[in-house]
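A quick write-up on the structure given underneath.
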Protein chains: 2
Amino acid sequence: MKLSNGVEWALHSCVTLSQSREPVQATRLAELHGIPRAYLAKHLQALSRAGIVHATAGQVGGYALTRPAASVTMLEVVQAIDGIEPAYRCTEIRQRGPLAVPAEQCERPCAIARAMAAAQEAWYRALTAVSIADLAAAIDIDSDGTAMADVRRWLAESRRSLPG
Amino acid sequence: MKLSNGVEWALHSCVTLSQSREPVQATRLAELHGIPRAYLAKHLQALSRAGIVHATAGQVGGYALTRPAASVTMLEVVQAIDGIEPAYRCTEIRQRGPLAVPAEQCERPCAIARAMAAAQEAWYRALTAVSIADLAAAIDIDSDGTAMADVRRWLAESRRSLPG
DNA sequence: GGTTCCCGGATATTTCTTGTCCGCGTTGTG
DNA sequence: CACAACGCGGACAAGAAATATCCGGGAACC
């Protein structure tokens with residue numbers, strides 16, 4: 001079980017976006033995190049499609065959160081990047097082989113699939129409990145209250161320096 | 001996030017093995033579940049390496065659970081097949097870019113990694129709560145108490161018919 | 001001791017993720 | 001109001017991982 005690499009970038013990008021009400025360009029986000037710009041853009045597109053961020057075109061365009069960071073959960077971001085299909089996909093092997101169960105008796109998922117679904121649900125709950133705002137606050141605390149201010153400063157500075 | 005296909009086969013195979021104290025050949029398990037024999041064998045090897053099943057060679061060889069089914073958790077099987085590394089791998093992008101955090105301040109995982117680890121832990125807990133015996137019992141109930149008896153009958157019959 | 005059968009690791013093929021590029025629409029400017 | 005520049009959006013290759021498979025080593029029965 002492996003989670004896409006872009007999930008990490010998307011979460012960090014959302015935390016960064018939560019510190020700016022003005023749109024932030026994909027180039028800035030990529031530079032700030034030291035990651036490939038083109039590939040990050042692809043993931044930001046997924047966030048846009050999911051309605052988490054709003055993309056504005058043009059010279060002063062960029063990405064911005066559509067909702068307050070406190071109302072955006074980690075699960076939303078993860079699912080926007082990684083998709084909504086559950087990790088375990090039952091291929092209904094109980095309906096195959098010499099002891100195949102008739103299809104009419106297979107309306108409910110099999111016991112294994114149910115247990116897996118319950119585990120996935122627990123995973124969902126844990127990710128739903130944490131918002132982007134929570135992450136930003138936790139990161140700020142980890143850095144003794146300097147990280148988010150630094151981000152805001154850097155965003156303002158880069159916006160002043162490059163397009164001017 | 002995608003879980004390997006072999007996890008499903010391994011879990012079903014373990015449930016089947018829980019119904020037989022004698023070793024069951026990989027060929028039988030593959031036939032019973034309608035899946036490729038060679039590939040299933042590879043996954044059974046993983047279970048063997050993890051100590052969940054014991055493989056005996058020879059004409060009457062095969063696989064058997066090493067412990068009572070009630071003491072084998074789903075998590076053990078899943079991790080034996082899929083590996084133990086967590087789904088989310090933090091690449092420490094906070095240490096990159098113009099606002100890189102010094103490494104000395106990164107002893108603890110970042111807030112995002114911590115939240116992801118908590119979610120994974122919840123997933124682990126849910127899978128630890130279910131044993132192979134629980135699955136066998138649930139599958140039996142789903143079939144009105146006939147499934148496991150059918151499996152035992154089929155195993156005994158196939159063992160009588162083929163090697164005889 | 002020969003033979004048969006089964007498990008185990010090394011080997012191709014396919015699928016998917018990662019990474020990249022160029023076209024379209026939008027916005028500021030002359 | 002036309003122009004030009006910039007950034008977003010979907011289509012296109014490269015690499016990695018999982019899927020599927022084969023043959024060799026070893027054990028049990030005859």
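Throughout, protein chains are lettered first and strands after them, A, B, ... in sequence-line order, and every chain is numbered starting at 1.
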Exercise for review: Report the residues that fulfil side-chain hydrogen bond (donor to acceptor under 3.5 Å, both in side chains) with B:Ser4, sequence neighbours left out, ordered by chain and then residue number.
Suggested key: none
Exercise for review: Using a 4.5 Å cut-off on heavy atoms from C-beta on, say whether the side chain of B:Leu11 contacts that of B:Ile132.
Suggested key: yes
Check your understanding: Are B:Arg152 and B:Glu157 within salt-bridge range, i.e. N to O under 4.0 Å?
Key -> no
Review point. Can you get from B:Leu65 to B:Val60 by hopping between Ile, Leu, Val, Met, Phe, Trp and Tyr side chains that sit under 4.5 Å apart?
Key: no
Point to revise | Side chain A:Gln25 and base D:dG7 donor-acceptor under 3.5 Å | key: no
Point to revise | Pairing residues for A:Val151 by the side chain to side chain contact (heavy atoms under 4.5 Å, CB included) criterion, not counting sequence neighbours | key: A:Thr16, A:Gln19, A:Leu155, B:Leu99
Check your understanding: So what does B:Ser48 touch, heavy atoms closer than 4.0 Å: a base, only the sugar-phosphate, or nothing?
Key -> sugar-phosphate
Review point. What integer distance in Å separates A:Glu8:CD from C:dT18:C1'?
Key: 15 Å
Review point. Expressed in angstrom and rounded to an integer, what is the separation of A:Gln45 atom CD from C:dC22 atom C1'?
Key: 13 Å
Exercise for review: Take the protein atom CG of B:Leu40 and the nucleotide atom P of D:dC22, then report the distance between them rounded to whole Å.
Suggested key: 15 Å
Practice item. Classify the nucleic acid contact of A:Thr27 as base, sugar-phosphate or nothing, counting any heavy atom under 4.0 Å across all strands shown. Key: nothing
Check your understanding: Between A:Gly62 and A:Lys2, which is nearer to the 5' end of DNA chain D once each is assigned its nearest nucleotide?
Key -> A:Gly62
Study note, to complete from the structure: Taken to the nearest whole Å, CD/A:Glu85 to P/C:dC16 is 10 Å
Exercise for review: Check the distance between C:dT20's P and A:Arg37's CZ and give it to me in whole angstrom.
Suggested key: 11 Å
Exercise for review: Only counting residues at least two apart or in another chain, list the ones meeting side chain to side chain contact (heavy atoms under 4.5 Å, CB included) with A:Gln79.
Suggested key: A:Leu75, A:Ile84, A:Tyr124
Practice item. Please collect all salt bridge (Lys or Arg N to Asp or Glu O under 4.0 Å) contacts where either partner lies in residues 49-64 of chain A, sequence neighbours excluded, each pair once. Key: none
Practice item. Just call it for A:Ala41: base, sugar-phosphate, or nothing, with non-hydrogen atoms closer than 4.0 Å on any strand. Key: nothing
Review point. If the sugar-phosphate is the primed atoms plus P, OP1 and OP2 and the base is the rest, what is the B/S/- string for nucleotides 24-30 of chain C, using protein heavy atoms under 4.0 Å?
Key: --BSS--
Review point. Under the ring pair (Phe, Tyr, Trp, His ring centres under 6.0 Å) rule, what pairs show up with a residue in residues 50-94 of chain A, not counting sequence neighbours?
Key: none
Practice item. Using whole Å, report how far CD of B:Glu22 lies from C1' of D:dA28. Key: 15 Å
Study note, to complete from the structure: Here the salt bridge (Lys or Arg N to Asp or Glu O under 4.0 Å) pairs for residues 105-118 of chain A, sequence neighbours left out, are A:Arg114-B:Asp142
Review point. What is the distance, rounded to the nearest whole Å, between atom OH of B:Tyr63 and atom P of C:dG8?
Key: 4 Å
Point to revise | Where at least one partner belongs to residues 5-26 of chain B, residue pairs that pass ring pair (Phe, Tyr, Trp, His ring centres under 6.0 Å), sequence neighbours excluded | key: B:Trp9-B:Tyr39, B:His12-B:His33
Point to revise | Residue A:Asn5, side-chain atoms from C-beta onward, closest of C:dT20, D:dT19, C:dT18 | key: C:dT18
Check your understanding: Distance check: side-chain N/O of A:Tyr39 vs OP1/OP2 of C:dT20, anything under 4.0 Å?
Key -> no
**Study point:** Nearest-Å distance for atom pair CG/C1', residues A:Leu3 and C:dT18
**Key:** 15 Å
Please write out the pairs of protein N or O atoms and N or O atoms of nucleotides 11-14 of chain D separated by less than 3.5 Å, giving the distance to one decimal.
none

